[in-house]
2 protein chains.
Amino acid sequence: MSGAPGGAGVEVLCIGTELLLGNIVNGNARWLAEQLAALGVVHHRQQVVGDNRERLIEAVRQAAGRCQVLVTTGGLGPTPDDLTTEAIAAAFGAELVEHGEIWAAIQARITARGRIVAPSNRKQALLPRGAAVLPNPTGTAPGMIWTPLPGFTVLTFPGVPSELRAMWEATAAPWLREAGLAGGVFASRMLRFWGVAESDLAERVHDLLALENPTVAPYAGAGEVKLRVTARAGDAAAAAALLAPVEEELRRRTGTSCFGADGDSLASVVLAALRRRGETLAVAESCTGGGLGAALVAVPGASEVFLGGVIAYANAVKRDLLGVPAELLEAHGAVSDPVAEAMAAGARRLTGATWAVAVTGIAGPAGGTAGKPVGLVHIAVAGPDGCRSEAVRFGSGRERGWIQTLTVGESLNRLRLRLNTGAI
Amino acid sequence: MSGAPGGAGVEVLCIGTELLLGNIVNGNARWLAEQLAALGVVHHRQQVVGDNRERLIEAVRQAAGRCQVLVTTGGLGPTPDDLTTEAIAAAFGAELVEHGEIWAAIQARITARGRIVAPSNRKQALLPRGAAVLPNPTGTAPGMIWTPLPGFTVLTFPGVPSELRAMWEATAAPWLREAGLAGGVFASRMLRFWGVAESDLAERVHDLLALENPTVAPYAGAGEVKLRVTARAGDAAAAAALLAPVEEELRRRTGTSCFGADGDSLASVVLAALRRRGETLAVAESCTGGGLGAALVAVPGASEVFLGGVIAYANAVKRDLLGVPAELLEAHGAVSDPVAEAMAAGARRLTGATWAVAVTGIAGPAGGTAGKPVGLVHIAVAGPDGCRSEAVRFGSGRERGWIQTLTVGESLNRLRLRLNTGAI
């Protein structure tokens, strides 16, 4: 990154009271962040302020002291609460001047839609003296590119996502490249893990977490843990070459707990493995009530492998539909290995599937006992080589939804490991 | 808002390089904004910084000069890039001290899950001297409440949304109220709708959307539309009295499309109605693969009403398990009213449930034809008074997951209306 008086890289400033009220999620900030990362532009900070002149001026002035380029979204419309252009001009004591060609284009566009031009639209033709128009091919409000101070440029965009995107791709992205802000090319890989805690994983790879290029960063989700590897280089091939050995080393150290990368899910990985083997899958679900099946059919093309199964929430359904012997239910209770095994065997028998996964557990908040607390789940995997159930305890402090989500992931992971290793 | 040396209101600081890389959308910022708005707390600014000590310290110091309360999310984990607590302490030159009770709780929680305690977990027990613990009932990392300067308090939360939400509701929201930051007393009601477009709903109540107290604001979700009514007054009774007539008028104008309020879901409303009637429910799912059952069992206590059912993803399962005649499948195709009706009848017969809901459709992206495009779903409701299926078209441009989610909602809504009206 070339040095600048103000600072380095790009900041994003999203303007709109609706964001501060939580009426909408800030999808523009995420989209811009992705674009900047793909361009290899340094991006250290995002801000959100409301439609307030004073705070807008303060935010713009602070950014001018920190970064080379400020990208703003929102506040370019014709209504009184659209203050962006005016506030940015005021931040640097610049006068607003009307651009005749913008005003003509605004009138033509509004008239073409059969609408009446309002006097308030005229303010959209005003830009600070010295600013260039950033054309908006799909809406009325253009943006601007303005360098009010040496080494500091502001780019303004509307808040409407489709307009922002079209303008970004047509004008801003090429401009950032030409301005020399795009620092090479990034290659990135998200490795996905199940059955390992974030802290365990971090310890196993702690020396790699300290790398500077590529960087390795851990993320925790609902049961899943992820490591993102990001390499930066002059071109795509060089970035990929930097990334590859680190990915290989991470996979070597983490073994089978790494189930996939990027867009993979446990369900997609299991379905792909079964598709390769020409085998099919069924489920028998108690505490997840269908969540395991739903995770499988979330994957496009699941129908080649997944046949269906039984939601056996009530014990009578376990008995009558899945054929779980009443004696087993009586002797061991519905949440037990023998019942899970009988459920899996029943699903396999009923559907003719090669494999079946069964889950039975206590999702809570009620129904737990000292011996069988909330969070206790028995998971069985039945296949051509036999059937085996094991218990897992997700912790009685967990919420119902969390236990159900973890049960789905854990049961898919057990099937994955069974398919990998062949061990029952 | 009472004056403070530093400034007014609450700022939100979200910490995580994944946000600046655009890996995830900042849902926490939106959720917090909604909560602050509902509490009537002044909220002028949100920021995002990465896992960088220097920039974190700078952001915290700047916030201290501008606001009364800084809410942070993220960076509380055990890994080296989790810097939030340390950086906040450093921003005010405070020493970190270990809290023995946190460390004991972390160890107990990890051990209870059958995992090994890593030395890196110990850093999660460190807080700046003088800070109080903000308990995290569902995860390992607690947050803190700390007042490093007169008139400026920091509240830290993990980035995992479920943990943030549980901690916010249990601790932060009451704290903000007690601290006098909530502007007066708010009474709020979220009315929930299904089967009506946001724009239609807004037209029907457009005059009420212009009210100032209570305010009425529309929100759109996945199929569901919501209206939030918020009244502000000196005390709870006065706020409730302001709210009630507006809620009544909204319900009067929107009729049966309003299915509930606040924490209700379509599933919880249907289950409650069946519980009152002493009746039971089963499902037969093709394109949703278990998603309908999963939505039902997401509701605690579902087992009193929901018995289970069949996931009939493959046609053979529809035929062999649900007893859908092969001739019907051949003559009409799996995605048809006769098949949906036979599936519902089969689920009812197999489980003995009073009611059964069946869905069969084309979730895409493949499998659509001109006559049966992606997004076409047939939904049948079978009960003591008969069985009826109808088609719905969600649009072929929709994503698979969206179609599955809408199918779940639409099928629950049809059962709800059937129970309400008694009409087949």
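Values in this document were obtained by computation on a predicted structure and should not be read as measured data. Chain naming here is simple, since letters A, B, ... match the order of the sequence lines and numbering starts at 1 in each.
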Under 4.5 Å from any heavy atom of chain B, what part of [X] do you find: side chain, backbone, both or neither?
{"X": "A:V205", "result": "neither"}
{"X": "A:A316", "result": "neither"}
{"X": "A:T288", "result": "backbone"}
{"X": "A:Q404", "result": "side chain"}
{"X": "A:L21", "result": "both"}
{"X": "A:W402", "result": "side chain"}
{"X": "A:V49", "result": "both"}

Considering only heavy atoms, which portion of [X] lies under 4.5 Å from any heavy atom of chain A: side chain, backbone, both, or neither?
{"X": "B:I24", "result": "backbone"}
{"X": "B:L20", "result": "both"}
{"X": "B:P119", "result": "both"}
{"X": "B:P300", "result": "both"}
{"X": "B:C287", "result": "backbone"}
{"X": "B:R55", "result": "both"}
{"X": "B:V299", "result": "backbone"}
{"X": "B:L321", "result": "side chain"}
{"X": "B:V117", "result": "neither"}
{"X": "B:S162", "result": "side chain"}
{"X": "B:A29", "result": "neither"}
{"X": "B:Q62", "result": "side chain"}

Q.
Counting only heavy atoms from other residues, nucleotides and ligands, does the tally under 6.0 Å from CD of A:E34 exceed 12?
A.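 Above 12, so yes.
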Q. Are more than 12 heavy atoms from other residues, nucleotides or ligands located less than 6.0 Å from atom CD1 of B:I116?
A.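 Count not over threshold, so no.
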Q. Less than 4.5 Å apart, any side-chain heavy atom of A:S268 and any of A:L271?
A.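 Not in contact.
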Salt-bridge test for [X] and [Y]: reply yes if a basic N is under 4.0 Å from a carboxylate O, no otherwise.
{"X": "B:R165", "Y": "A:E399", "value": "no"}
{"X": "A:E11", "Y": "A:R66", "value": "yes"}
{"X": "B:R45", "Y": "A:E58", "value": "yes"}

**Q.** Nearest non-hydrogen partners of B:P137 and B:A166, listed with the distance
**A.**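 Nearest heavy atoms, B:P137 then B:A166: CG-CB, 4.5 Å.
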Q: Answer yes or no: is there a donor N or O on one side and an acceptor on the other, between the side chain of A:S199 and the main chain of B:S120, under 3.5 Å?
A: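 No; zero donor-acceptor contacts below 3.5 Å.
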